[in-house]
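Contents: one structure, followed by commentary.
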Amino acid sequence: MSLTAQNHRIPLNDGNSIPLIGLGTYSTPRTTDKDACYRAVKIAIDVGYRHFDGAWIYGNEEEIGRAFQEKIADGTVSRDDIYYCGKLWNTFHPPEMVQPFLEKNLKLLNFDYIDLYIIELPLAFKPGDVMYPRDENGKYLYHPTDLCATWEALELCKDAGLVKSIGVSNFNRRQLEQILNKPGLKYKPAVNQVECHPYFTQSKLKAFCESHDIVIVGYSPLGTCRDPLWVNIKIPSLLEDPVLNCVAAKYKKTSAQVALRYQIQRNVVVIPKSFNPERIQLNFEIFDFYLTDEEMKTIDALNKNKRYVELLMWNDHPEYPFNDDY
Ligand code: NAP
């Protein structure tokens with residue numbers, strides 16, 4: 001299949017399709033200007049992005065919705081051109097909370113459906129509006145997790161037409177199998193959104209997902225923003241990698257473009273985040289060069305099998321996903 005800036009969708013197991021590149025939208029509110037995300041989404045639409053990765057927990061869905069509405073109103077795109085992925089937060093896992101929470105997301109976005117809705121983490125927290133519930137000693141308050149029950153609630157949202165596709169995020173093989181082996185399963189997860197880049201290639205999880213027609217969406221495809229509050233910065237900076245930079249020089253590209261191109265050539269969806277106009281543009285310029293099989297193998301070999309995003313603060317949760325091999 002030849003991928004172009006205009007046509008780079010790949011099929012999902014439910015008959016829908018997903019664009020191989022989307023704009024990530026997480027940026028810490030501590031240091032991010034109000035409306036930075038709104039401006040970035042509008043610029044990205046003008047550049048040609050049609051896929052946007054968001055979440056209620058990022059605190060900017062209203063900005064994203066406003067940007068979408070303005071670009072729809074000025075005729076640049078129609079609602080159907082846009083592909084939005086939203087996420088179910090940890091405090092809304094009980095089945096009866098799923099649809100009302102999704103409706104809250106739809107209202108913020110001013111949409112009547114979301115293209116892809118995923119369970120953000122397999123970690124149920126104490127239900128309610130406190131995003132990070134903790135006790136008086138600062139210990140996180142969890143909730144007994146029934147991933148299958150939450151999944152059934154997502155299936156109902158799809159049947160109600162509120163979402164086109166449903167999926168999961170940060171699920172390991174065992175957790176995916178729980179869903180896949182659920183008696184009466186109506187829809188398989190369409191995607192599993194996980195950390196994935198040349199330093200963490202996820203080859204085993206990817207092979208498992210492919211064997212079940214589940215697409216991998218790779219988050220932190222550029223190696224994160226390296227915020228030490230949530231990133232393991234002992235792992236070197238991906239974009240400074242000498243091999244990526246050497247391949248980039250050959251094609252007169254940047255290491256970021258090579259890291260993204262590597263993923264789309266192996267059918268991994270990428271969602272690089274940038275709120276900088278020049279980098280939003282550059283990150284989309286990945287359809288005019290092609291990595292050879294040998295270069296793909298050389299980049300495969302950069303894998304360190306270590307995560308930037310370890311979520312260690314929740315490693316005492318019974319469903320903490322990253323203790324398993326994959
Ligand atoms: P990322 O996309 O790997 O990297 C973003 C960082 O790289 C930002 O600091 C950005 O800064 C910078 N950057 C962007 N383009 C660049 C370029 N061409 N050259 C140099 N630096 C560049 O990291 P991420 O935000 O962790 O991951 C992407 C998206 O994945 C998130 O925004 C979010 O939507 C999603 N995500 C999901 C989960 C999950 O649990 N499901 C977890 C993490 C992330 P500027 O903005 O200044 O360009």
Side-chain angles (χ1 to χ4, degrees), residues 24-29 53-61 85-95 97-99 101-102 104-105 114 116-134 139-155 157 163 165-180 182 189-197 200 202 205 208-209 214-221 224 227 229-232 269 271 273 307-326:
T25 62
Y26 174 72
S27 186
T28 174
D53 182 78
W56 174 81
I57 197 73
Y58 301 169
N60 52 17
E61 268 188 335
C85 171
K87 306 191 185 87
L88 178 75
W89 180 240
N90 304 1
T91 56
F92 298 92
H93 277 208
M97 295 179 89
V98 171
Q99 185 170 329
F101 179 68
L102 167 60
K104 198 151 87 169
N105 303 167
I114 284 179
L116 171 63
Y117 202 61
I118 63 183
I119 302 177
E120 188 156 356
L121 286 152
L123 307 174
F125 287 2
K126 180 180 176 235
D129 282 324
V130 179
M131 296 185 227
Y132 298 97
R134 296 173 189 242
K139 194 175 159 359
Y140 283 103
L141 295 170
Y142 301 139
H143 190 66
T145 303
D146 183 350
L147 294 175
C148 289
T150 305
W151 184 254
E152 284 168 6
L154 281 190
E155 290 181 326
C157 293
V163 295
S165 297
I166 52 177
V168 297
S169 176
N170 295 301
F171 274 42
N172 62 27
R173 174 191 174 142
R174 182 183 53 76
Q175 292 161 334
L176 285 168
E177 278 177 337
Q178 252 186 65
I179 307 281
L180 292 168
K182 187 185 85 64
V191 309
N192 187 16
Q193 183 180 123
V194 292
E195 178 175 343
C196 193
H197 46 71
F200 194 60
Q202 295 269 25
L205 188 63
F208 175 79
C209 285
I214 298 170
V215 166
I216 295 272
V217 177
Y219 71 66
S220 306
T224 79
D227 177 346
L229 277 184
W230 59 277
V231 176
N232 176 4
V269 175
I271 47 172
K273 174 265 169 184
R307 303 170 188 275
Y308 285 112
V309 185
E310 297 173 304
L311 306 178
L312 290 175
M313 63 288 198
W314 300 322
N315 69 1
D316 59 341
H317 192 293
E319 286 290 344
Y320 177 72
F322 303 151
N323 287 333
D324 295 28
D325 178 25
Y326 69 100

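We number each residue from 1, following the sequence as shown. Computed over heavy atoms, backbone and side chain alike; hydrogens, waters and symmetry mates excluded.
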From [atom1] ([X]) to [atom2] ([Y]), nearest 0.5 Å:
{"X": "Tyr326", "Y": "Leu176", "atom1": "OH", "atom2": "CG", "value": "10.5 Å"}
{"X": "Leu88", "Y": "Thr150", "atom1": "CG", "atom2": "OG1", "value": "7.0 Å"}
{"X": "Arg134", "Y": "Lys126", "atom1": "CZ", "atom2": "NZ", "value": "14.0 Å"}
{"X": "Ile119", "Y": "Ser169", "atom1": "CD1", "atom2": "OG", "value": "10.0 Å"}
{"X": "Asn90", "Y": "Leu123", "atom1": "CG", "atom2": "CG", "value": "5.5 Å"}
{"X": "Glu155", "Y": "Lys182", "atom1": "CD", "atom2": "NZ", "value": "5.5 Å"}

If you define the side chain from C-beta out and look only at heavy atoms, does anything of [X] sit under 4.5 Å from [Y]?
{"X": "Pro29", "Y": "Asn60", "answer": "no"}
{"X": "Leu205", "Y": "Asn172", "answer": "no"}
{"X": "Leu141", "Y": "Val130", "answer": "no"}
{"X": "Thr224", "Y": "Tyr26", "answer": "no"}
{"X": "Gln202", "Y": "Cys209", "answer": "no"}
{"X": "Thr91", "Y": "Phe101", "answer": "no"}
{"X": "Phe200", "Y": "Val194", "answer": "no"}
{"X": "Trp56", "Y": "Phe92", "answer": "yes"}

_Residue pairs, two or more places apart or on separate chains, that pass salt bridge (Lys or Arg N to Asp or Glu O under 4.0 Å) and touch residues 317-326_ = Arg174-Glu319, Arg174-Asp324, Lys204-Asp325

What pair of heavy atoms forms the shortest contact from [X] to [Y], and how long is it?
{"X": "Asn105", "Y": "Lys87", "value": "OD1-O, 4.1 Å"}
{"X": "Pro122", "Y": "His93", "value": "C-CE1, 4.3 Å"}
{"X": "Met131", "Y": "Trp89", "value": "O-NE1, 2.9 Å"}
{"X": "Leu116", "Y": "Gly167", "value": "CD1-N, 4.2 Å"}
{"X": "Ile114", "Y": "Leu102", "value": "CD1-CD1, 3.8 Å"}
{"X": "Glu120", "Y": "Ala55", "value": "OE1-CB, 3.8 Å"}

_Matching residue for Pro189 among Val215, Ile166, Leu180, Ile118 - test: side chain to side chain contact (heavy atoms under 4.5 Å, CB included)_ = Leu180

*With side chain to side chain contact (heavy atoms under 4.5 Å, CB included) as the test, would you mind laying out the steps for Gln175 and Val168 before giving the verdict?*
CA-CA 10 Å; Gln175 292 161 334; Val168 297; over 6 Å; no

_For Phe125 and His317, take the angle between the two ring planes, folded into 0 to 90°, and tell me which bin it lands in: parallel under 30, tilted 30 to 60, perpendicular over 60._
tilted

*Let me see the working for Tyr132 and Ile57 under side chain to side chain contact (heavy atoms under 4.5 Å, CB included), right down to the final yes or no.*
CA-CA 10 Å; Tyr132 298 97; Ile57 197 73; 3.5 Å; yes

_N/O donor-acceptor pair under 3.5 Å between Glu195 side chain and Val309 backbone_ = yes

_By the definition ring pair (Phe, Tyr, Trp, His ring centres under 6.0 Å), identify the one residue from Phe322, Tyr142, Tyr320, Tyr140 that meets it with Trp314._
Tyr140

_Less than 4.0 angstrom from a charged side-chain N to a carboxylate O is my criterion; do Asp53 and Lys273 meet it?_
no

